[in-house]
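Here's the structure we're looking at; comments come further down.
In the text below, chain A, chain B and the rest are named by the order of the sequence lines, each starting its count at 1.
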Amino acid sequence: MEKRFIYADNAATTAVSDEVLSAMLPHFTKAYGNASSIYKLGRDAQADVEKAREKVAVALGADPKEIFFTSCGSESDNWAIKGTAEMMSKKGKKHIVTSVFEHHAVLHTCEYLEKHGFEVTYVPVDEKGLIDSENVRNAIREDTALVTIMYANNEIGTIQPIEEIAKICHEKKVLFHTDAVQAVGHVEIDVKKQGIDMLSLSGHKIHAQKGIGALYVRKGIVLPNLIHGGGQERGKRAGTENVPAIVGLGRAIEIACSNIVEKADIVTPKRNRLIDGILKLPYTRLNGDRDKRLPGNLNISIEGIEGESLLLMLDLNGICASSGSACTSGSLDPSHVLLSIGLKHEVAHGSLRLSIEEDITDEDVDYILEVIPKVVERLREMSPVWEKMMNGEEVK
Amino acid sequence: MMYSEKVLDHFSNPRNVGEIDDADGVGEIGNAKCGDIMKMYLKIDKGIITDAKFKTFGCGAAVATSSMATELIKGKSIDDALKLTNDAVVEALDGLPAVKVHCSVLAEQAVRAALSDYYTRQGIDPLPIVGEIKEPEE
């Protein structure tokens, strides 16, 4: 078996595509004007920023005036949540509804607000990694300022009933924000049709560069300004526009959202072949609903082994992957996402996430399916936990 | 996170993996909940550790520290093995990331747990010699 290099961690980040890079490059050395400057070089930069804004708006079914560029998905989440909290607390609304398995950009922001007088309700998820919209309905109170629920989970890829949740929020007259960092470019999004009030996205998950994101804010919602300074982003977020990154995001989202269905048709069967192939190993389970999940995501727990060891072994075989083990997070607790769907600690430690895209070949899939059983066997051979499992002893 | 070349070497080619069927002392430390379990097997002859083997469930650092610990005590006297510190294991591996230092503590404690078992099997109270075995905090 000849060693290959396979990048199967696109949920972590993606490469800047050639098309995106070529759209960006002139803005470093030739079209380098400050978008606020009066002369043509500046005006051109401004025009390119606005073209990019329009592309983002088109991709989401929004109006360009509703798109604000930020530095990343986390910034967008922070702004939406803390901004709404500040705005609504003036009306005496100091309660937020979110879910237990949000990205830390949302969870830690909510925890911060809890320290500043807000109450937060964390809606549970079921064993398939799905939120019941009725639980969201029941969590909403008179003083609820915001509901923030992720579009698709970053670890297990499950897609949440966003439209249903948005509908409930509107019935209850509560603002609805969604962290769609993992969803944009992989599932069809139309903020107007779906009733989304605010949406966070990130460039580097869709082949733009790291360090650029955007926040969609529905017209009529006036968030407090995030960065005070010049009048950039209509006075909401000061700081000289990162023109190359913005142009890159515009191009990237245009490409990513142009063929979502076709990409899913290519990648889903390959993803399923990986799932079925890995699940042939004994003591494995798929985490998250099989159908209501991002086309390129698979997350499987492999009992008796620990995730970081698995990742290192895969790396030695040229495969880049991710895990929810404690050791990859730097804490002793494994992923809060895997615990939220009811996995025991020792099972959560041995999880594997692969996030693939349509460029993965059948040979790549074959290769992964050849490598994983070998690596798992090797790690299980040296695992005292596996030994106990095979001897029918209790694993503590 | 950065692992040294030596850590990666001991992870990808761990020394002394396996079990010793007629071991004179076996020690296990850690729990699956916290993500690391080490099981250490020792063969001891006239106070000398003639063989050491291990099985580990855990991260790259857990495997590498187990591997290095067995290397450091093989051929040594029990007294020397009892002097093995986690710092010595870390140093022999050219360092560990701060969040992984606890793995080296596990390796040190796994050796002590195996020696403790050895004394118990000899009918000798291990506590005054080996001291308390520290289980990792959950």
Atom [atom1] in [X], atom [atom2] in [Y]: separation rounded to 0.5 Å?
X        : Y        : atom1 : atom2 : value
B:Ser12  : A:Arg378 : OG    : CZ    : 7.0 Å
B:Asp36  : A:His349 : CG    : NE2   : 7.5 Å
A:His345 : B:Asn31  : NE2   : CG    : 9.5 Å
B:Thr56  : A:Leu379 : OG1   : CG    : 11.0 Å

How about [X]: does its [atom1] atom have over 12 heavy atoms from other parts shown lying under 6.0 Å from it?
X        : atom1 : answer
A:Lys128 : NZ    : no
A:Lys344 : NZ    : no
A:Tyr283 : OH    : no
B:Glu91  : CD    : no

Contacting moiety of [X], where chain B heavy atoms sit under 4.5 Å:
X        : result
A:Arg380 : neither
A:Leu312 : both
A:Lys388 : side chain

Would you mind checking which part of B:Ala98 comes under 4.5 Å of any heavy atom in chain A, side chain (CB onward), backbone (N, CA, C, O), both or neither? neither

May I have the step-by-step check of side chain to side chain contact (heavy atoms under 4.5 Å, CB included) for A:Trp386 and B:Lys55, ending in yes or no? CA-CA 10 Å; A:Trp386 181 248; B:Lys55 274 190 159 186; over 6 Å; no

Between A:Glu308 and B:Lys100, is a side chain to side chain contact (heavy atoms under 4.5 Å, CB included) present by the stated rule, with each step listed? CA-CA 12 Å; A:Glu308 191 201 276; B:Lys100 299 292 186 183; 2.7 Å; yes

Minimum heavy-atom separation for A:Ser309 to B:Cys59, with atom names? OG-C, 3.4 Å

A:Pro384 and B:Phe57 have their tightest heavy-atom pair at CD-N, 3.3 Å

